[in-house]
Protein chains: 2
Amino acid sequence: MRISQLSAASGVPIPTIKYYLREGLLPSGEQTSATRAEYGEAHVRRLRLIRALLEVGRLPIASIRKVLAAVDDEDLSMHHVLGTAHYAIAPEVAPHPDDEDWRRARAEADRLISELGWRIEPWAPTRDELAQAVQTLDRLGMPATGEALRPYARAAASLVEQEMGTIPMDGPRETAVEALVIGTVVHGRVLDVLRRLAHESASARIFEARQAGKDCQAEKDRPTP
Amino acid sequence: MRISQLSAASGVPIPTIKYYLREGLLPSGEQTSATRAEYGEAHVRRLRLIRALLEVGRLPIASIRKVLAAVDDEDLSMHHVLGTAHYAIAPEVAPHPDDEDWRRARAEADRLISELGWRIEPWAPTRDELAQAVQTLDRLGMPATGEALRPYARAAASLVEQEMGTIPMDGPRETAVEALVIGTVVHGRVLDVLRRLAHESASARIFEARQAGKDCQAEKDRPTP
DNA sequence: CCTATTAGCTACCTGTACTATCTAATTATG
DNA sequence: CATAATTAGATAGTACAGGTAGCTAATAGG
């Protein structure tokens, strides 16, 4: 398969494929001469994974590179690939270690994690992400106690439990690892989208009585298609 | 309160505050002379909300402007403010209306929503987001049937139900509306982070037996603090 | 042999979220 | 009263992300 066919098969423009090659997201094809390289099904697959992480997972290119490097490293156990993915996904959160509010939020996050009995590395950046959310809720006057977060944690744990059951652990490593990464990234988005849909629906149910007469005005505000 | 005090109180640098004023995210202070304006507690509050939407919610400035405009529009019902927030949050998803795969994914998304009995506007961009995720999973060979998505939907619905109960519906409009927006954005992130934590924990539990001997090597890969 | 395609390279472009600087008008301070 | 500091408002510049475009030399296929 030549680059033009790879482009056609994947829907990704040639210059973009070249960009991904430069950035080390996509392995080079097998060089058959100075101006020819041969690409295969693995490249199509890889491109699909890249686009999934980029468009659905909203990961920056640099993070995708790290994730894919871990996926390709045969020496890493599945758990460590997943760990790398989690590290790469977690956005930098600029902790202010000498800020009192920050320390309290971080302590609250750590407390919740240990109460739940979750096995999370002490240096996991995800802890900081949780602390950031907790701190933000505190500052906004909606304090996030462990009490308030526990339902979210339980729901998350139960969904993840189910999801883990569907990973083909005993198939080829690559399949399992990709399924894990997709689980982390794409299913995260699925849950987020469904939550927003549920939110809109709940809001419609709850408020429909209160606003009865206002629908006509609202219709005018509808964005024109 | 002058701009320098506003900056100190909120932790946002003066040039950034000026930028938010220019961009219409923050209302101007009360002009007391050609070179003085007076800011109040509302400005501090607004800045905190902006930073929450930006840093935790990862919303682009343009979306934040739309959300805040809706929050400030006293003529909009709470449901419509929330709708605006949902519209603003949903990233553009570039649907290809003549792509067969896309149409199938979109149909699957619509089917799931109607099966669940959710009240979602037909033109809601969130439908496209769900369709995008479904299409991506299809392409990656992990087809997302309604069956597979239902547990996520149920969990989302139940969490949202609880969350709605905590909104102070009968307090001042601004408080309720802000709580709704924060619920949409910040609690979404909380759930996402908790899901990734649960994922890491589950992975640790499941794989610890399989990798026993590899921990030493793994420790060396730990990012240096 | 001639046209099209390709790898590898460098340069360029667009959008986002700031940052910096400048000006003129105040306001506070010694 | 003079002088230093602060401010609003405006313009311009920066850094990064994610591509996109064009160039050159080599080669493949007809």
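To find a chain, count down the sequence lines: A is the first, B the second, and so on, and within it residues start at 1.
Rounded to 10 degrees, the angle between the two end axes of the helix from C:dC1-D:dG30 to C:dG30-D:dC1 is 10°, with five pairs used at each end.
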Point to revise | Residues A:I167, A:L180; criterion side-chain contact (heavy atoms from CB on, under 4.5 Å); working and verdict | key: CA-CA 7 Å; A:I167 305 282; A:L180 269 180; 4.0 Å; yes
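In this structure, CD on A:Q5 lies 13.5 Å from NE2 on A:H43, to the nearest 0.5 angstrom. Distance check, rounded to the nearest 0.5 Å: CD1 of B:I64 to CG of B:L54 gives 4.5 Å. With rounding to the nearest 0.5 Å, the separation of NE2 in B:H86 from CG in A:L197 is 8.0 Å.
Nucleotide D:dT7 holds its P atom 6 Å from the CZ atom of B:R2, rounded to whole Å. Atom CD1 in A:I3 sits about 18 Å away from atom P in D:dT27, given to the nearest Å. Rounded to whole Å, the distance from CD1 on B:I17 to C1' on D:dT7 is 13 Å. Distance, B:L6 CG to D:dT7 P: 11 Å, rounded to whole Å. Residue A:E92 contributes atom CD, which lies 12 Å from atom P of D:dA17 at whole-angstrom precision. One interatomic measurement links the two molecules: CD1 of B:I64 to P of C:dT16, which rounds to 13 Å at whole-angstrom precision. If you take CD of B:Q5 and C1' of D:dT6, they are 11 Å apart, rounded to a whole angstrom.
Not one N or O on the side chain of B:R189 forms a donor-acceptor pair closer than 3.5 Å with the backbone of B:E55. No donor-acceptor pair under 3.5 Å is formed between the side chain of A:R139 and the backbone N or O of B:A52. Remark: side-chain polar atoms of B:T84 are paired, donor with acceptor, to backbone N or O of B:H80 under 3.5 angstrom.
With respect to B:D72 and B:R46, a salt bridge is recorded, a charged nitrogen being found less than 4.0 Å from a carboxylate O. The existence of a salt bridge linking A:E200 and B:R119 is excluded, since no basic side-chain nitrogen approaches an acidic carboxylate oxygen closer than 4.0 Å.
The stretch residues 44-62 of chain B has no heavy atom under 4.0 Å from DNA chain D, so no residue of it qualifies as close. Heavy-atom distances under 4.0 Å link DNA chain D to A:Y19, A:Y20, A:R22, A:S33, A:A34, A:T35, A:R36 of residues 18-43 of chain A, given in residue order.
Under 3.5 Å, the side chains of A:Y20 and A:R51 contain a donor-acceptor pair of N or O atoms. In summary, the side chains of A:E163 and B:Y152 do present a donor paired with an acceptor at a separation below 3.5 Å, with no hydrogens or angles considered.
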